Amino acid sequence: MRDKKEVERKEPGGRQMILTSVALVLLALVSVTAATLAWFSIADHTKLQSMSMEITTGASMRFDLDAHGSFDQYVKTLSFEEIAARINQEKGFQVKNVPLEPVTTSDYSTFTLEHGKVVDSREGKYLEFTLHFMALEDMVVHLTSDNSPGENDGTKISSSNSGLPEAMRISFTADGRTVVYDPGMGAGGTSAGSGWVFGLPSAGGMSYNDSNALFSLKKDVDKEVLVHVWLEGTDERCTDNLIGADYSIQLRFIGTDENGRILDGE
């Protein structure tokens with residue numbers, strides 16, 4: 001039989017282990033609950049209201065859905081209808097009839113649902129399409145919240161639900177590098193996974209630097225850019241409160257020199 005004092009010495013330690021285990025279980029439950037609250041099923045509830053992507057920065061940069069041989073074959077504005085038609089052609093679904101669902105990604109190439117199931121871009125749970133850019137001079141391309149003179153065309157995501165824009169993400173991949181726009185982040189940027197995530201200040205507060213630089217263009221050389229649009233399921237604002245919301249996406253690009261000075265043609 002073990003010595004009574006030995007038993008008495010061991011019992012407090014046993015109780016401590018039990019209490020620690022209980023605490024860990026409770027912590028795990030809280031974590032699971034928090035994660036669950038940040039995800040929801042958006043299918044059949046959220047519809048894409050409209051999406052416009054405009055380059056209103058002067059005559060020196062344009063873009064299109066296809067590559068062309070000369071600058072004058074590109075355009076300054078693409079309507080959402082044109083983008084949606086291309087997605088339908090390449091992915092086989094109607095964007096306006098297939099609501100986005102929350103997904104997440106660490107490499108900005110493979111997207112998964114809450115429990116890790118990989119989803120294909122042809123399922124419509126996120127959007128994937130390609131843009132081609134060309135410029136009349138070498139430049140660095142930035143996303144900007146500033147408006148062109150007399151217009152209200154700066155980058156923004158709008159919704160009748162104030163929480164939805166902050167749960168959206170838009171990524172741009174070119175030259176093996178991915179840059180992600182997070183509307184809820186504010187000015188600045190940070191590394192995340194294999195990409196760079198950044199936010200923008202309010203219109204009128206832009207400064208052009210490496211934080212909001214997307215890619216560079218060489219004069220008269222086409223640049224292919226892969227674009228993804230998704231609802232980030234791990235974002236704390238991606239909850240049931242967003243169900244039924246609509247939204248519109250507006251993007252504006254601007255060209256600068258390597259020092260962040262806006263080019264005269266822009």
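Since the structure is predicted, the reported quantities are computational estimates derived from the model, not experimental observations.
The ring-ring contact (aromatic ring centres under 6.0 Å, His included) analysis of residues 226-246, with sequence neighbours excluded, yields the pairs F111-H228, F111-W230, Y126-H228.
With values rounded to the nearest 0.5 angstrom, T104 atom OG1 is found 11.5 Å from L231 atom CG. D235 contributes atom CG, which lies 12.0 Å from atom CE of M185 (distance to the nearest 0.5 angstrom). The line from CE of M139 to CG of L217 is 6.5 Å long, rounded to the nearest 0.5 Å. Here the straight-line distance linking atom CZ of R252 with atom NZ of K156 works out to 12.0 Å at 0.5 Å rounding. A distance of 9.5 Å separates OG1 of T256 from CZ of R261, quoted to the nearest 0.5 Å. We find the CE-CG distance between M61 and L263 to be 9.0 Å, quoted to the nearest 0.5 Å.
For R177, the salt bridge (charged side-chain N to carboxylate O under 4.0 Å, His left out) criterion is met by no residue, not counting sequence neighbours.
Within the 4.5 Å cutoff, the side chain of E90 has no heavy atoms near those of the T130 side chain. Using a 4.5 Å cut-off on side-chain heavy atoms (C-beta onward), H142 and V140 make contact. For the pair V95 and F80, the minimum side-chain heavy-atom distance is below 4.5 Å. Contact check for S160 versus D246: side-chain heavy atoms found under the 4.5 Å cut-off. Using a 4.5 Å heavy-atom threshold, the side chains of E101 and V119 count as separate. L214 is listed as a side-chain neighbour of F198, based on a closest heavy-atom distance under 4.5 Å.
The hydrophobic cluster containing F129 does not contain V180, counting ILVMFWY residues as joined when their side-chain heavy atoms lie under 4.5 angstrom apart, directly or transitively. Linking Ile, Leu, Val, Met, Phe, Trp and Tyr whenever their side-chain heavy atoms come within less than 4.5 Å leaves V103 and L226 in two separate clusters. Both W196 and L200 belong to a single network of hydrophobic side chains, linked directly or stepwise wherever heavy atoms of I, L, V, M, F, W or Y lie under 4.5 Å apart. Hydrophobic clustering (ILVMFWY, side-chain heavy atoms < 4.5 Å, transitive): L251 and Y108 are in distinct clusters. Grouping the Ile, Leu, Val, Met, Phe, Trp and Tyr side chains by contacts below 4.5 angstrom, directly or via other members, places M206 with V141.
Contact record, S211 with G189: OG-N, 4.0 Å, taken as the closest heavy-atom pair. Looking at every heavy atom in both residues, F215 comes nearest to K223 through CD1-CG, 4.1 Å. Scanning all heavy atoms of the two residues, the minimum distance from F63 to T77 falls at CE2-N, 3.9 Å. Considering every non-hydrogen atom in both V197 and A192, the closest pair reads CG2-CB, 3.6 Å. The two residues N88 and Q94 come nearest to each other via the heavy atoms ND2-NE2, 3.1 Å. Nearest heavy-atom pair across K125 and L113 is CD-CD2, 3.8 Å.
Proximity of a side-chain donor or acceptor of T105 to a complementary backbone N or O of T110 within less than 3.5 Å is detected. Formation of a donor-acceptor pair under 3.5 Å by the D146 side chain with backbone atoms of G204 is found in this model. Counting only distance, with no hydrogens or angles, the side chain of E232 and the backbone of T234 share a donor-acceptor pair below 3.5 Å.
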Q | Derivation and outcome, side chain to side chain donor-acceptor pair (under 3.5 Å), residues D107 and S109 | A | CA-CA 5 Å; D107 61 6; S109 173; 4.8 Å; no
Q. For E128 and K91, what are the C-alpha separation, side-chain angles and deciding distance, and is it a side chain to side chain contact (heavy atoms under 4.5 Å, CB included)?
A. CA-CA 9 Å; E128 178 182 272; K91 307 297 182 181; 2.6 Å; yes
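Using a cutoff of 4.0 Å between basic side-chain nitrogens and carboxylate oxygens, R237 and E166 are scored as salt-bridged.
Checking L127, I157, L143, D182 one by one against I170, the side-chain contact (heavy atoms from CB on, under 4.5 Å) holds for a single residue, I157. Exactly one residue among D66, D222, D64 makes a side chain to side chain donor-acceptor pair (under 3.5 Å) with Y74. That residue is D222.
Neither side chain, N161 nor S159, offers a donor N or O lying under 3.5 Å from an acceptor on the other. No side-chain donor-acceptor contact under 3.5 Å links Q250 and T155. Of the N and O atoms on the side chains of N212 and T144, not one donor lies less than 3.5 Å from an acceptor on the other residue.
Between F253 and F172, the ring planes are perpendicular. Angles over 60° get that label, and only those under 30° would be called parallel.
Q89 CD: more than 12 foreign heavy atoms inside a 6.0 Å radius.
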